Protein chains: 2
Amino acid sequence: MFSFFTGGTPMTISVVGHSNPDTDSVFSAIAFATLLNAQGQEAQACMQSAAADLNPESAMLLARFGLAAPEEIGDVAGQDVALVDFSDLNQGPANLATANVVAVVDHHKVGDLTTNSPILFRAEPVGCTGTILNKMYKEAGVAIPQAVAAGMLSAILSDTVNFKSPTCTEDDKIAVADLKAVAKVEDTEELFMAMLEAKSSVDGVPAKDLLFRDYKDFEMNGKKVGIGQLELANLEQVASIRADLLAAMEEVKADGRHSVLLMLTDVVKEGTDLVVLSDDPALIEGAFAGTLEMSAMWIEGMMSRKKQTVPNLQKAFGC
Amino acid sequence: MFSFFTGGTPMTISVVGHSNPDTDSVFSAIAFATLLNAQGQEAQACMQSAAADLNPESAMLLARFGLAAPEEIGDVAGQDVALVDFSDLNQGPANLATANVVAVVDHHKVGDLTTNSPILFRAEPVGCTGTILNKMYKEAGVAIPQAVAAGMLSAILSDTVNFKSPTCTEDDKIAVADLKAVAKVEDTEELFMAMLEAKSSVDGVPAKDLLFRDYKDFEMNGKKVGIGQLELANLEQVASIRADLLAAMEEVKADGRHSVLLMLTDVVKEGTDLVVLSDDPALIEGAFAGTLEMSAMWIEGMMSRKKQTVPNLQKAFGC
């Protein structure tokens with residue numbers, strides 16, 4: 001094992017996932033901070049969200065497993081930080097470009113982070129950061145605490161949509177088998193349905209909060225494109241608030257964006273009702289070989305923003 | 001194990017190290033291509049050099065271990081490539097930005113490569129890419145062929161200057177112990193001295209070739225800075241060709257560079273005679289707290305371009 005510190009006074013490493021943290025960003029921050037602690041490094045799990053604003057799935061899981069929510073983190077200028085679940089500067093905390101990034105663990109495309117010194121950068125094309133962290137625990141010979149293992153397990157079920165997402169790999173299934181045993185979770189189907197219920201609950205939630213529940217901005221050939229995703233047990237859940245969602249998208253689009261997309265993903269039917277507001281609707285239609293009706297189109301089989309929506313859009317935008 | 005291919009016809013992956021390949025870039029290309037082959041992926045070790053132009057250390061080692069030189073590679077537009085020992089686009093083959101990068105294994109600072117899809121990106125702050133590849137073989141449960149292990153072992157001895165470089169870590173020493181056994185190399189001191197002799201031979205070599213033997217260009221706050229390094233058994237070896245080296249540096253500097261530095265590293269004394277041509281010599285003096293005399297200054301303990309020279313320069317240039 002190497003030390004992250006080559007001189008000076010070691011600072012506590014803030015371990016943080018992407019903005020609008022999902023379950024992988026929350027529990028991978030906890031899991032990596034715990035691993036670093038076990039290896040003698042001072043580290044603190046953090047998140048770019050107040051505990052009160054956390055997505056309902058992650059909040060339910062933290063309560064269920066008796067884990068404290070990661071600390072909210074703001075400006076990281078000059079701080080030692082480790083990134084989980086992202087490597088794009090614009091998905092990080094304020095002033096990430098002037099922080100001292102000491103490590104990255106991720107499963108997304110390689111982002112625009114650069115460093116002045118060599119660091120640990122571990123990315124693999126698997127379904128979840130939790131899968132990579134499970135390998136890192138094994139390679140380090142460190143035992144995963146039961147509650148942390150339960151969180152990592154949940155993150156994998158969440159990111160892979162219970163193995164149904166095209167991002168899911170054999171490695172993710174192996175990790176789930178490992179983590180089930182450590183977490184003493186016998187019924188992952190029950191766990192996944194509890195997550196789905198928590199996550200897809202829209203009752204009384206303002207439309208704009210729903211849009212931002214799992215939302216990311218992307219830079220595509222000089223244009224700003226926002227993409228939100230709501231995973232639902234069925235589309236009926238949002239039928240009565242469709243106009244409100246469109247109004248929220250209008251508002252977000254008016255703030256300098258070329259396009260705003262909202263993926264209403266039916267997890268059971270395995271497809272997405274893609275709602276689109278764009279300066280160039282034909283370009284978005286072309287990206288997915290679909291036809292918009294009332295600003296929306298059904299895309300059979302679309303489950304993953306990262307693996308399906310973003311690459312198709314990048315191609316259409318000429319990135 | 002995951003596959004790099006999600007559709008279409010799989011192409012052979014060209015595995016390539018940085019320009020002006022050193023021993024790590026050469027043998028890590030061979031080692032990673034061999035690992036990919038063992039995992040059922042078509043892959044070919046490549047290098048950004050003709051076999052005839054390869055650095056004398058690597059050429060000696062290929063002959064000693066009976067390995068074929070990696071194939072020379074040129075333009076990689078649209079090809080599947082895996083990078084070893086670098087992640088900066090400007091250190092790669094022509095049109096790397098439009099290639100399909102499927103994997104990176106590296107031990108340098110995180111460069112400016114970005115991708116459109118998730119890939120394997122494995123970087124660690126260790127002394128040599130070969131050390132990381134040894135871990136990857138172990139994790140994959142794949143046996144390393146004897147000659148390949150000998151090459152990886154040599155790469156680690158070369159990059160860590162026989163464990164003397166400040167970049168050397170415990171992980172590198174563990175890898176050397178592993179690889180010694182597989183390679184059936186008993187005396188690593190003898191191997192290292194044979195490498196040093198081959199590498200530091202300057203007899204009859206044109207000064208410009210010596211400058212470019214291990215040379216990299218860097219972008220520092222908008223200015224182009226070239227840094228070459230010659231590792232020597234002693235400084236006497238270059239005493240008679242000093243004027244020729246300065247003339248070669250003048251010529252390279254005149255081609256749009258703010259500064260050209262040549263590290264004449266005395267591997268036995270563990271320090272560097274740093275030769276400097278710069279538009280702003282005081283800035284370079286400040287970077288290393290030294291004073292140039294006859295365009296050169298002795299920097300005690302300076303062994304590593306990556307860990308010592310480049311970070312100090314970046315600080316001085318305000319990167």
Side-chain angles (χ1 to χ4, degrees), chain A residues 1-7 83 87-89 98 101-129 131-132 135-136 138-139 166-172 174 218-220 304 306-308 310-315 317 319, chain B residues 1-7 83 87-89 98 101-129 131-132 135-136 138-139 166-172 174 218-220 304 306-308 310-315 317 319:
Chain A
M1 211 213 73
F2 50 83
S3 169
F4 289 117
F5 307 110
T6 52
L83 313 185
S87 66
D88 262 312
L89 292 173
T98 58
V101 177
V102 298
V104 177
V105 184
D106 189 21
H107 70 120
H108 295 85
K109 67 191 183 69
V110 179
D112 58 357
L113 173 82
T114 59
T115 64
N116 285 342
S117 302
I119 66 165
L120 173 74
F121 193 120
R122 176 87 174 242
E124 297 187 23
V126 294
C128 181
T129 306
T131 297
I132 305 166
K135 290 187 193 188
M136 291 171 66
K138 282 206 269 191
E139 288 158 19
T167 60
C168 186
T169 67
E170 274 311 304
D171 285 5
D172 298 302
I174 292 166
F218 297 83
E219 205 64 30
M220 298 208 182
S304 165
K306 181 173 49 128
K307 199 135 177 174
Q308 298 170 302
V310 170
N312 279 316
L313 282 174
Q314 284 178 318
K315 216 173 284 177
F317 274 88
C319 300
Chain B
M1 210 211 74
F2 50 83
S3 169
F4 289 116
F5 307 108
T6 51
L83 312 185
S87 68
D88 263 312
L89 292 173
T98 59
V101 177
V102 299
V104 177
V105 185
D106 190 20
H107 70 121
H108 295 85
K109 68 192 184 65
V110 178
D112 59 357
L113 173 82
T114 59
T115 65
N116 286 342
S117 301
I119 66 164
L120 173 73
F121 193 121
R122 177 87 174 243
E124 297 188 23
V126 294
C128 181
T129 306
T131 298
I132 306 166
K135 291 187 192 188
M136 292 170 67
K138 283 206 269 191
E139 289 158 20
T167 58
C168 186
T169 66
E170 276 309 306
D171 286 4
D172 298 302
I174 292 166
F218 297 85
E219 205 64 32
M220 298 209 180
S304 165
K306 181 173 49 135
K307 199 136 178 173
Q308 298 170 304
V310 171
N312 279 317
L313 283 174
Q314 284 177 318
K315 216 173 282 176
F317 274 87
C319 300

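Given the structure is predicted, the values throughout are model-derived calculations rather than measurements.
In this structure, B:K306 has no salt bridge (Lys or Arg N to Asp or Glu O under 4.0 Å) partners at least two apart in sequence or on a different chain. Partners of A:K138 under the salt bridge (Lys or Arg N to Asp or Glu O under 4.0 Å) rule, at least two apart in sequence or in another chain, are A:D178.
Nearest approach of B:P118 to A:P125, heavy atoms of both residues: O-CB, 3.6 Å.
Each of A:V104, A:V101, A:I119, A:D112 was compared with B:V110 under the side-chain contact (heavy atoms from CB on, under 4.5 Å) criterion, and only A:I119 meets it.
Counting heavy-atom pairs under 4.5 Å between each of A:P311, A:S87, A:A123 and chain B puts A:A123 at the top.
With rounding to the nearest 0.5 Å, the separation of NE2 in B:H107 from CG in A:L120 is 14.5 Å.
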